[in-house]
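See structure below.
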Amino acid sequence: MPGLERLLAACEKYPIQARTRKPWGGAPAAGSFLLGRSFDPMLAALYSRVGGLLLDSGLYVNACDEQVNGLLMANEHVQRHWPEPFRSLLVFGGQEALSYTYATVPNLADAQGLQPVVEVDPYEDIYAVPVASNVDRFFDAYARYLELIYETPEFRDCPDARPLFPNEVPEIIAADRTLMSMLVDGRFDFLMFREGVDAQRTHEEIRAWIARLQAAGT
């Protein structure tokens with residue numbers, strides 16, 4: 001998983017603490033199911049290596065070890081509280097102290113079983129936006145984000161000026177050409193354009209973000 005390796009290398013190079021948990025033999029394996037949803041092969045490879053990950057930048061991968069199965073707990077929460085079609089997602093991480101979560105989309109798996117990654121915004125009217133075409137591309141994108149922050153003096157020296165991942169770094173997300181192709185084909189529309197009280201405002205914000213992605217990718 002070169003994307004994961006790039007992320008861990010960035011943590012070593014820059015002042016970012018990466019805390020890992022010991023892997024656990026009871027973690028889901030490739031080809032298995034979690035609460036009826038196909039478990040992504042790259043997530044299985046990740047959990048065979050670590051039992052969870054927490055960066056002091058805020059990114060975390062849910063714990064899944066002998067002490068706590070946060071992966072299962074997070075997805076049980078999804079089953080109880082999220083509406084369809086979000087119950088079909090498989091949550092694996094998020095941003096610490098925030099409700100934004102990262103999840104794979106089992107029903108958009110490619111021929112190798114690799115699933116794209118979305119960021120779920122559960123505030124007010126729930127929706128999700130695509131972030132990467134697979135789990136390792138997600139780690140690669142986040143590594144590039146950290147590189148941008150720490151190689152740009154105004155971001156490195158002023159945390160308040162730092163862009164937010166993924167919404168404010170469209171050039172990083174748009175570099176994933178497979179993801180962009182899926183986005184243009186409307187594969188993620190069922191997760192982005194939802195009905196609700198603030199649907200019109202949310203749809204306008206999503207369309208503006210898609211336009212920034214497309215501009216960044218040209």
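Just so it is clear, the model here is predicted, and its values are computed rather than measured. All values below come from the heavy atoms of this structure, side chains included, with hydrogens, waters and symmetry mates left out.
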Identify the heavy atoms of [X] and [Y] that sit nearest to each other, and give their distance.
X: Ala174; Y: Arg177; result: O-NH1, 3.0 Å
X: Gln112; Y: Asp110; result: N-OD1, 2.9 Å
X: Pro106; Y: Leu89; result: CD-CA, 4.1 Å
X: Ala103; Y: Val120; result: CB-CG2, 4.4 Å
X: Pro116; Y: Phe188; result: CB-CZ, 3.9 Å
X: Leu179; Y: Pro130; result: CD1-CB, 3.6 Å

TODO: Go through the steps to decide whether Tyr60 and Gln95 satisfy the test side chain to side chain donor-acceptor pair (under 3.5 Å), and finish with yes or no.
DONE: CA-CA 6 Å; Tyr60 69 87; Gln95 289 290 332; over 6 Å; no
TODO: Evaluate side chain to side chain contact (heavy atoms under 4.5 Å, CB included) for Gln115 paired with Asn134, printing each intermediate quantity in order.
DONE: CA-CA 5 Å; Gln115 304 170 15; Asn134 62 55; over 6 Å; no
Quick check: does any side chain N or O of [X] sit under 3.5 Å from a backbone N or O of [Y], one acting as donor and the other as acceptor?
X: Ser181; Y: Thr178; answer: no
X: Ser32; Y: Pro28; answer: no
X: Arg87; Y: Trp82; answer: yes
X: Asp176; Y: Ser133; answer: yes
X: Glu119; Y: Thr101; answer: no
X: Asp185; Y: Arg187; answer: no
X: Asn62; Y: Gly93; answer: yes

Is there a side-chain contact between [X] and [Y] (heavy atoms, below 4.5 Å)?
X: Asp121; Y: Ile126; value: no
X: Phe139; Y: Val61; value: yes
X: Leu191; Y: Tyr127; value: no
X: Arg37; Y: Asn107; value: no
X: Ser99; Y: Pro122; value: yes
X: Glu96; Y: Leu54; value: yes
X: Tyr150; Y: Arg162; value: yes
X: Val105; Y: Phe190; value: yes

TODO: Just jot down the side-chain contact (heavy atoms from CB on, under 4.5 Å) partners of Glu12, sequence neighbours excluded, or say none.
DONE: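 In terms of side-chain contact (heavy atoms from CB on, under 4.5 Å), with neighbours along the sequence ignored, Glu12 is linked to no residue.
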Task: Steps toward side chain to side chain contact (heavy atoms under 4.5 Å, CB included) verdict (Gln214, Leu183) - done: CA-CA 10 Å; Gln214 291 175 327; Leu183 182 63; 5.6 Å; no
Let me confirm one number: the [atom1]-[atom2] distance from [X] to [Y], rounded to the nearest 0.5 Å.
X: Leu34; Y: Cys64; atom1: CG; atom2: SG; answer: 8.5 Å
X: Leu4; Y: Met42; atom1: CG; atom2: CE; answer: 10.5 Å
X: Leu71; Y: Leu90; atom1: CG; atom2: CG; answer: 6.5 Å
X: Tyr142; Y: Leu7; atom1: OH; atom2: CG; answer: 8.0 Å
X: Ile172; Y: Leu146; atom1: CD1; atom2: CG; answer: 9.0 Å
X: Met192; Y: Arg207; atom1: CE; atom2: CZ; answer: 9.0 Å

Open item on the list: Taking the basic N atoms (NZ, or NE/NH1/NH2) and the acidic carboxylate oxygens, is any pair closer than 4.0 Å for Glu5 and Arg49?
Closed with: yes
Task: Pair Arg6 + Glu147, salt bridge at N-O below 4.0 Å - done: yes
Are [Y] and [X] connected in a single hydrophobic cluster, I mean Ile/Leu/Val/Met/Phe/Trp/Tyr linked by side-chain heavy atoms less than 4.5 Å apart?
X: Leu148; Y: Trp209; result: yes
X: Leu35; Y: Val78; result: yes
X: Leu55; Y: Phe155; result: yes
X: Phe39; Y: Met73; result: no
X: Trp24; Y: Leu72; result: no

TODO: Decide if the gap between the ring center of Phe138 and the ring center of Phe92 is smaller than 6.0 angstrom.
DONE: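 Between Phe92 and Phe138, which both carry aromatic rings, the centre distance is below 6.0 Å.
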TODO: Measure from the ring center of Tyr100 to the ring center of Tyr123 and say whether it is less than 6.0 Å.
DONE: yes
Open item on the list: Can you see whether Tyr145 engages Ser57 through a side-chain donor-acceptor pair at a distance of less than 3.5 angstrom?
Closed with: no
Task: Residue pair Asp40 / Thr104, side-chain donor-acceptor N/O under 3.5 Å - done: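 The answer is no; no qualifying pair exists.
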- [ ] Evaluate the side chain to side chain contact (heavy atoms under 4.5 Å, CB included) criterion for residues Arg19 and Leu53: first the C-alpha distance (whole Å), next the side-chain angles of each, then the deciding distance (0.1 Å), finally the verdict.
- [x] CA-CA 6 Å; Arg19 287 173 281 179; Leu53 176 66; over 6 Å; no
Open item on the list: Under 6.0 Å from the ring centre and within 45 degrees of the ring axis: does the NZ or CZ of Arg21 meet both conditions for the six-membered ring of Tyr47?
Closed with: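 No - Arg21 does not lie over the ring of Tyr47 by the 6.0 Å and 45° rule.
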Open item on the list: Going by the rule salt bridge (Lys or Arg N to Asp or Glu O under 4.0 Å), which residues pair with Glu151 if we only count those two or more places apart in sequence or in a different chain?
Closed with: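 Only Lys13 meet the salt bridge (Lys or Arg N to Asp or Glu O under 4.0 Å) criterion with Glu151.
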Open item on the list: Can you confirm whether more than 12 heavy atoms, excluding those of Glu171, are under 6.0 Å from its CD atom?
Closed with: yes
